[in-house]
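In what follows, a single structure is set out as structure tokens and then discussed.
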Amino acid sequence: MLAFSPAHLLTHLSPLPTPAPIKLATTTTTTSAAAMAAAASPNALLLKTPSATAAAAASPRTAFPVTTRLPAAALKPISIKCAAATTHVQDPRAPPPPPPAAAQERVFNFAAGPAVLPEKVLLRAQSELYVWRESGMSVMEMSHRGKDFTSIIQKAEADLRTLLEIPPEYAVLFLQGGATTQFAAIPLNLCQPDDAVDFIVTGSWGDKAFKEAQKYSKAKVVWSGKAEKYTKIPSFDDVEQNPDAKFLHICANETIHGVEFKNYPVPKNKGGILVADMSSNFCSKPVDVSKFGVIYAGAQKNVGPSGVTIVIIRKDLIGNAQGITPVMLDYKIQAENASLYNTPPCYGIYMCGLVFEDLLEQGGLKEVEKKNIKKAELLYRTIDESKGFYRCPVEASVRSLMNVPFTLEKSELEAEFIKEAAKEKMVQLKGHRSVGGMRASIYNAMPLAGVEKLVAFMRDFQARHA
Ligand SMILES: Cc1ncc(COP(=O)(O)O)c(C=O)c1O
């Protein structure tokens with residue numbers, strides 16, 4: 001099995017433009033996206049804080065060997081025959097290849113989803129894109145019923161089970177249609193049209209789920225945070241649940257409003273069925289799966305590209321779908337066919353698998369949560385210590401670790417803030433169109449260096465505009 005070298009990477013990626021020379025101020029042997037961005041920034045002095053630089057260098061996501069510029073001859077394409085026959089077999093445990101020179105062009109992406117993916121995962125996918133291991137083809141070209149893809153989906157499921165310690169009495173499904181499709185699939189599978197179901201609505205996504213469930217059940221909102229602009233989670237004692245409801249639904253993290261459940265209500269319904277939309281905090285921290293009947297999540301925030309929706313469901317809840325349930329939404333059919341009833345989103349599932357592997361390599365979800373807490377604390381502290389220049393409307397105890405909404409006291413400066421941040425390679429900071437202001441989504445794959453750069457920029461912006 002051949003080792004992967006920068007030259008190897010570049011010969012297989014011959015369409016890459018000739019890389020620009022990397023400008024580095026020091027002679028150290030490692031660099032990072034953050035250090036490079038800081039060197040080029042007008043806020044360079046402010047941004048080059050020792051802690052930021054040290055953290056960036058220590059970050060496994062951003063520290064890479066320096067990619068040296070190769071002579072033009074090294075970029076010559078090699079023949080397909082040679083490449084496929086001898087050089088594309090990757091050792092899955094090999095360290096990821098170094099980033100191409102284009103890494104300099106990567107920004108800190110604070111988007112709410114699709115969102116930043118781990119650099120390591122992107123580079124692994126890049127190295128395996130053309131030919132996956134010994135298959136002789138790309139994952140995108142494989143039969144979803146062949147042994148190679150079977151091994152990919154089975155490993156993805158096994159790794160997710162390890163990460164979340166999913167008990168054996170739960171099925172894991174890799175589906176399509178986004179979390180929005182689950183808004184219909186959940187009531188279609190868990191109740192009949194006349195059954196009562198309860199919704200705690202702490203933001204726009206919970207509200208959307210409720211509205212869709214009304215089509216297939218007697219859905220009722222048992223608590224809503226709308227009057228307080230979705231800035232709170234209720235005290236569970238204040239929620240009057242219907243004991244006859246078929247399930248209680250929550251959105252564990254409201255992506256738009258930045259409100260996150262820190263613990264979960266105990267359902268009073270028969271069977272104790274709690275259903276949670278975890279799209280925007282899935283795999284961001286450990287979760288006791290046994291407290292839930294169903295957990296569902298679109299992948300495109302924390303665990304992969306859009307196109308994959310993960311459903312974790314207690315097996316005894318499968319098999320009661322309403323007669324009108326489309327075949328694709330019937331959990332029984334999907335479970336019996338191991339998510340392969342029709343052609344699944346193969347490449348997306350493969351990418352999720354790479355992310356799960358990466359999360360395990362980081363030490364699992366306890367370690368991931370520690371990193372997420374550190375990033376979120378830094379950002380919220382900066383907001384809270386700004387003497388009102390920045391404000392986060394969400395009640396402190398339920399602030400999201402993943403999505404941090406904030407406004408400027410001088411709201412007329414918000415457009416300028418977003419524009420200047422983008423010039424500094426920090427993008428997608430605009431708040432959702434329904435709430436305005438700013439929102440920094442700091443999912444698992446956002447490195448600490450990205451948040452450090454953002455808070456340095458925020459302090460600098462405040463100093464210039466206070
Ligand atoms: C919490 C939450 N639920 C549901 C959705 C809808 O997901 P999808 O676009 O995958 O249907 C989103 C999308 O941003 C979300 O953040």
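What you see is a predicted model; the values in this text were computed from it and never measured.
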Keeping [X] on the side-chain end and [Y] on the backbone end, is there a donor-acceptor pair under 3.5 Å?
X	Y	value
Ser386	Ile383	yes
Thr325	Ala321	no
Glu157	Gln154	no

Would you please test Asn444 and Asn372 for side chain to side chain donor-acceptor pair (under 3.5 Å) and show each step?
CA-CA 7 Å; Asn444 290 349; Asn372 286 332; 2.8 Å; yes
Would you mind checking if [Y] and [X] are paired as a salt bridge, meaning a charged N to carboxylate O distance below 4.0 Å?
X	Y	result
Glu369	Lys366	no
Asp358	Lys120	yes
Arg391	Glu409	yes
Lys226	Asp207	no
Asp316	Arg314	yes
Arg133	Glu128	yes
Glu424	Lys419	no
Glu414	Lys430	no
Lys208	Glu212	no

With sequence neighbours left out, the residues meeting side chain to side chain donor-acceptor pair (under 3.5 Å) with Asn269 are none
Quick check: [Y] with [X] (ring centres under 6.0 Å apart)?
X	Y	result
Phe199	His249	yes
Phe457	Phe417	yes
Tyr264	Phe292	yes

Are Lys155 and Glu357 close enough, and set up right, to give a salt bridge (charged side-chain N to carboxylate O under 4.0 Å, His left out), and what steps lead you there?
CA-CA 9 Å; Lys155 171 125 188 351; Glu357 238 177 80; 3.3 Å; yes
Decide yes or no on salt bridge (charged side-chain N to carboxylate O under 4.0 Å, His left out) for Lys218 and Asp195, but give the supporting numbers first.
CA-CA 6 Å; Lys218 298 271 179 283; Asp195 285 338; over 6 Å; no
Heavy-atom distance under 4.5 Å between the side chains of [X] and [Y], does that happen here?
X	Y	value
Cys283	Leu365	yes
Ser224	Tyr230	yes
Pro265	Val239	no

Mutual orientation of the aromatic rings belonging to Trp205 and Phe183 [parallel < 30°, tilted 30-60°, perpendicular > 60°]:
tilted
Should Glu377 and Arg399 be marked as a salt bridge (charged side-chain N to carboxylate O under 4.0 Å, His left out) after you check the CA-CA gap, both sets of side-chain angles, and the distance that decides it?
CA-CA 10 Å; Glu377 276 180 357; Arg399 286 174 169 178; over 6 Å; no
Would one find more than 12 heavy atoms of other residues, nucleotides or ligands at under 6.0 Å from atom [atom1] of [X]?
X	atom1	value
Arg145	CZ	yes
Lys246	NZ	no
Lys315	NZ	yes
Gln214	CD	yes
Lys332	NZ	no
Glu169	CD	yes

The reported gap from OH in Tyr331 to OG in Ser339 (rounded to nearest 0.5 angstrom) is 11.5 Å
